[in-house]
Amino acid sequence: MPRMVNDGIRAACGLIALLCAAWAIGAAPALAPYASPERITEPKLFAENIISTPFDEFGLAFTADGRSAFFNRSVPRHNLYFICTSTFRDGRWSEPTVAPFSGRYWDFDAVLSPDGSRMVFSSDRPVPGRTKADQDFDLWMIEKIGPGWSEPRHLDDTVNSPEDEPFASIAANGTLYFVSGREGGRAHLAIYRSKLENGHYGPPEKLKGPVNEPENWSLEVLVAPDESYLLLVPYGREDGFGGFDIYSSEQKDGQWTSPRNLGPKVNSAQRDYSPRFSPDGRYLFWTSERGFDNPANYREFVAQSHRVLNGWGNIYQIDLSAIGLRSGR
C-alpha cells in the first residue's frame, strides 16, 4: 500500500510540474483561421460555398491576423471585377460583401504587404484631376488606419504610366514589384520593380534575366517578402500543363532565373493563376478553373454548371513545402 501511495504522489507531482511548465511557457498560439494542424500536401478547396462558390473567384489575400480576407468576384465573362471581403467570426467565414472602396469600377487583384499595413490593387477608376481613360488600368494603394482603411491613392507616375499596370506586390522592405506595358502596351508587358524612398517610389527598374523574355510574358508577379524569388503566370509555355500556369523564378546575383513550373499539384489542364502567400508564410493560395468534367448529356451539363467545380475560378491552398517553395521571410 505505501508503494502505491508513493507512486500516486510521484504521478501527481509530475502532473503539477507539467502544468506549471505549460503555464510558464504560455498556451500554444492558436492556428490562423485558414491554417490546418496537418500539412496540406494536395490542392485543397478553400471555404467552399462561402468564398469558393459556383461564381468566378480569384485573388485571395488575407490581413496580417488572417481573420479578414479580400478576393475578387467577377461578372461572367469579365464585364466587371469587384473586390469582396469576408471576416472569420464564430468559427466560420462570413458571407462576403463588396469592399467599401470597390464595386463601381473594374477593381482587381488586391495584394497586401507582408506586414498587412498596405494593400495595392489595379483599377480603371478615374485619376483625380484627369479625364478618365477607357480601360486604362493603374495601381492604387490603401493603408491600414485603426480598424479600417484609407481612401484609395493613385500611385506615383514613376510607377503608373499611360499604359496598363495590371498587377503589383510588395516586398518586406517596401519595394514594389509590378507588371507594366510602358514599353509598348499590352503586347509588351514586363516585370519591373521600384524602391520605396522617403515615402515615394523611385524610378522603375526592369528585371534582368529570363524572367522578362517573351515566352514568360505574365499579367501577374508575386514577390516573396525577402525578394529571394517571385511567382509569375506565363501563358502557353511548352512545359506547361494548361493555358496559364504558375512558375517561380529565383533572384541570383541581380538576375532572375528561368522560371520553373510549380508542377501538377498547382497547375492543371485548365487555367491556374492569381497566386498569394499566407501571412504566416506557410501556404500558397491560388485560383484554378479545374474540376469540370465533360458532361454526357444536357441534364448533366446543367447540373454541373450549378456546382462549385463548374469551370469558373475557385480558390485553393497548399503548403509551400509540398511544392518546393520556402516562405521567403
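Keep in mind that the numbers below use all heavy atoms, side chains included, and drop hydrogens, waters and symmetry copies. These figures come from a predicted structure and were not determined experimentally.
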Legend entry - Non-hydrogen atoms of N72 and Y81 that approach each other most closely: ND2-CB, 3.7 Å
Inset, instruction - Kindly determine whether S288 and R290 satisfy side-chain hydrogen bond (donor to acceptor under 3.5 Å, both in side chains), including the steps that lead there. - result: CA-CA 5 Å; S288 180; R290 68 187 69 194; 2.6 Å; yes
Legend entry - pair P279-Y34: side-chain heavy atoms closer than 4.5 Å: yes
Inset, instruction - Give a yes or no on whether L325 and F62 share a hydrophobic cluster (residues Ile, Leu, Val, Met, Phe, Trp, Tyr; joining criterion: side-chain heavy atoms under 4.5 Å apart). - result: no
Inset, instruction - Flag yes if W286 and I51 sit in one hydrophobic cluster, no otherwise; membership is Ile, Leu, Val, Met, Phe, Trp, Tyr, and two members link when side-chain heavy atoms are under 4.5 Å apart. - result: no
Inset, instruction - Please tell me if the side chains of L262 and R260 come closer than 4.5 Å, counting only heavy atoms from C-beta onward. - result: yes
Legend entry - V221 and its side-chain contact (heavy atoms from CB on, under 4.5 Å) partner, picked from V111, L231, V179: V179
Inset, instruction - Give the C-alpha distance, both sets of side-chain angles, the deciding distance and a yes or no for salt bridge (Lys or Arg N to Asp or Glu O under 4.0 Å) between E143 and R118. - result: CA-CA 4 Å; E143 298 183 62; R118 287 160 292 162; 5.7 Å; no
Inset, instruction - Please check if the side chain of D164 supplies one atom and the backbone of F137 the other of a donor-acceptor pair under 3.5 Å. - result: yes
Inset, instruction - Enter the distance from L155:CG to Y201:OH here, rounded to the nearest 0.5 Å. - result: 6.5 Å
Legend entry - Short N-O contact, D109 and R276, less than 4.0 angstrom: yes
Inset, instruction - Using side chain to side chain donor-acceptor pair (under 3.5 Å) as the criterion, point out the one residue from D138, D107, D136 that pairs with R125. - result: D107
Legend entry - Side-chain touch E163/H188, heavy atoms, less than 4.5 angstrom: no
Inset, instruction - Check whether F292 and F55 end up in the same hydrophobic cluster, where Ile, Leu, Val, Met, Phe, Trp and Tyr are linked by side-chain heavy atoms less than 4.5 Å apart. - result: no
Legend entry - K144 charged N/C atom sitting above W149 aromatic ring, 6.0 Å / 45°: yes
